[in-house]
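Structure, as structure tokens:
Numbering of ligands and ligand atoms starts at 1, following listing order. If you read the sequence from its start, that first residue is 1, and numbering goes on from there. No hydrogens, no waters, no symmetry mates; every other heavy atom, side chains included, goes into these values.
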Amino acid sequence: GAVKDRVAWNMVRDAEDSGRISSSQKLVEPTSGNTGLALAMVSNAKGYALTTPLSNQIPLEKRTVLRLAGVDVVELEDSLCPAPGAPEGAIAKANEIANQPEFEMLNQYANGSNPEAHYRTTGPEVWHQTAGLVTHFVAGLGTCGTINGSGRFLKEQNPDVAIIGVYPPAGHDVPGVRSLEQLSQTEFFTPDEYDGLTEVGNELAFEMCQRINQEESLTAGPSSGMALAGALAAIPDEPGNVAVVIFPDSIFKYSSSVLNNVAGLGAAPPSGTKREQLLDSMIENTRANPDLVMDVDAAHNFWNEEQPLVIDVREPDAHSQRHIPGSINMPLDELPVLAEFLPEKRDAPLLSVCERGNLSLSGVLFLKSLGYQNVRSITGGTEAWDEQGFTIASN
Ligand SMILES: Cc1ncc(COP(=O)(O)O)c(C=O)c1O
């Protein structure tokens, strides 16, 4: 479980006690995952059905575990943390679903039972486990339920306990927490009541997460790394200071976030802009699509039988050194301007070729986008053609 389990339990219990929900209720909740999973556990135990609209940026692990728990997961194009103002986002979708009479949204962003859960549990636990010696309480900021509820309890015991909130910058990749801009949309974000507010960058959050796991053998997740880095930055290392930092969740649901943010752990993280990543995936799809590629033997037969126009998309130097006889040189970068020299008939047979069959995949995609129906990329390219002993030409 995660820190949200106590919130989910408290929200459902209060909703039952007040008569807001009753048996066979359908619940809907916009969530970055942990509240959803916690609500799933409570819902399964109590017989409620749960729908969670959430961002497709949320780690795959969380979306999968929710589905495994029987939740109806509605994936949306949204930022990592649901943004209340985004018309297509998780919160808007949840509101839309909640308008149906059979649905109820407990809404962790505005439901007092969220901070109340921490007032009833987290705050007292911290106070008792430190024997009242706690001097600083530090929490990462998501809905701000943790900091509000625990902070209120601790201040009531000792007004000198410093309450410190930690948040990531805009564009961060730390699941569960919100940037300042995103926080302004959360009802429980009350910075005037905090004694400190610290920003921790994405890189430092993941670096600290790695250190917690490696150096302390504590399997804590990225928002724990962020909170600890904030605590170390904000609290002086002085005798008498007893700082408590909340680690909201373990590392296990965050492998894909970690892979994207910590180098050297496995598959290379996707690079480039979203548009470049889209193009990369289209190229890889092309490579695996038998309708768009041909091995060199099949290409040779096709060349003999149908006399296709061979379009060589390499730079002129490479083309003049060795090429398939009769091929025309149209470097990939210049394809858009040279397109007017392509055959008029869209059913004309074409082959796209380069040195080894990589650039020619983009060539095929470009030609397909112009409507050419009979076009393939030669797998292995000119090199494989040459190695097979097929006729080759040079200038
Ligand atoms: C992993 C993780 N870290 C931090 C938080 C922030 O906690 P809170 O919403 O109480 O501010 C959450 C909340 O969803 C979370 O799931």
Legend entry - Aromatic ring pairing H300/F390, orientation class (parallel under 30°, perpendicular over 60°, tilted between): parallel
Legend entry - Any T35 heavy atom less than 4.0 Å from ligand 1: no
Inset, instruction - Enumerate the atoms of ligand 1 whose separation from the nearest heavy atom of Y254 is less than 4.0 angstrom. - result: 1 (C)
Legend entry - No-hydrogen, no-angle side-chain donor-acceptor test under 3.5 Å, H172 and S179: no
Inset, instruction - Between K4 and ligand 1, find which residue part has any heavy-atom pair under 4.0 Å and reply side chain, backbone, both or neither. - result: side chain
Inset, instruction - Given salt bridge (Lys or Arg N to Asp or Glu O under 4.0 Å), test R67 with E75 step by step and report yes or no. - result: CA-CA 11 Å; R67 290 198 165 103; E75 285 190 29; 3.0 Å; yes
Legend entry - Any Y167 heavy atom less than 4.0 Å from ligand 1: no
Inset, instruction - Mark up the atoms of ligand 1 that fall under 4.0 Å of a heavy atom belonging to V177, in ascending order. - result: 4 (C)
Inset, instruction - Give the numbers and elements of all ligand 1 atoms closer than 4.0 Å to a heavy atom of N34. - result: 1 (C), 15 (C), 16 (O)
Inset, instruction - Determine the sole option in R120, H118, E116 for which the side-chain hydrogen bond (donor to acceptor under 3.5 Å, both in side chains) test with N10 is passed. - result: R120
Inset, instruction - Could you tell me whether H118 and ligand 1 have an N or O pair separated by under 3.5 Å? - result: no
Inset, instruction - Could you point out which residue of K4, K253, Q108 forms a side-chain hydrogen bond (donor to acceptor under 3.5 Å, both in side chains) with N34? - result: K253
Inset, instruction - Go through ligand 1 atom by atom and flag the ones less than 4.0 Å from a non-hydrogen atom of P248. - result: 2 (C), 3 (N), 4 (C)
Legend entry - Proximity winner for atom 5 (C) of ligand 1, if only heavy atoms of G142, C144, G176 are counted: G176
Inset, instruction - For T146, counting its heavy atoms only, list the atoms of ligand 1 lying under 4.0 Å from any of them. - result: 7 (O), 8 (P), 10 (O)
Legend entry - Linked, directly or transitively: V242 and I246 (ILVMFWY side chains, under 4.5 Å): no
Legend entry - Heavy-atom neighbours of D347 CG exceed 12 at 6.0 Å: yes
Inset, instruction - Number the atoms of ligand 1 from 1 as they appear, then name those within less than 4.0 Å of a heavy atom of G140, with their elements. - result: 6 (C), 11 (O)
Inset, instruction - Show your working on salt bridge (Lys or Arg N to Asp or Glu O under 4.0 Å) between K93 and E96 and close with a plain yes or no. - result: CA-CA 5 Å; K93 186 72 187 171; E96 184 192 314; 3.4 Å; yes
Legend entry - P175 touching ligand 1 at heavy-atom level, < 4.0 angstrom: yes
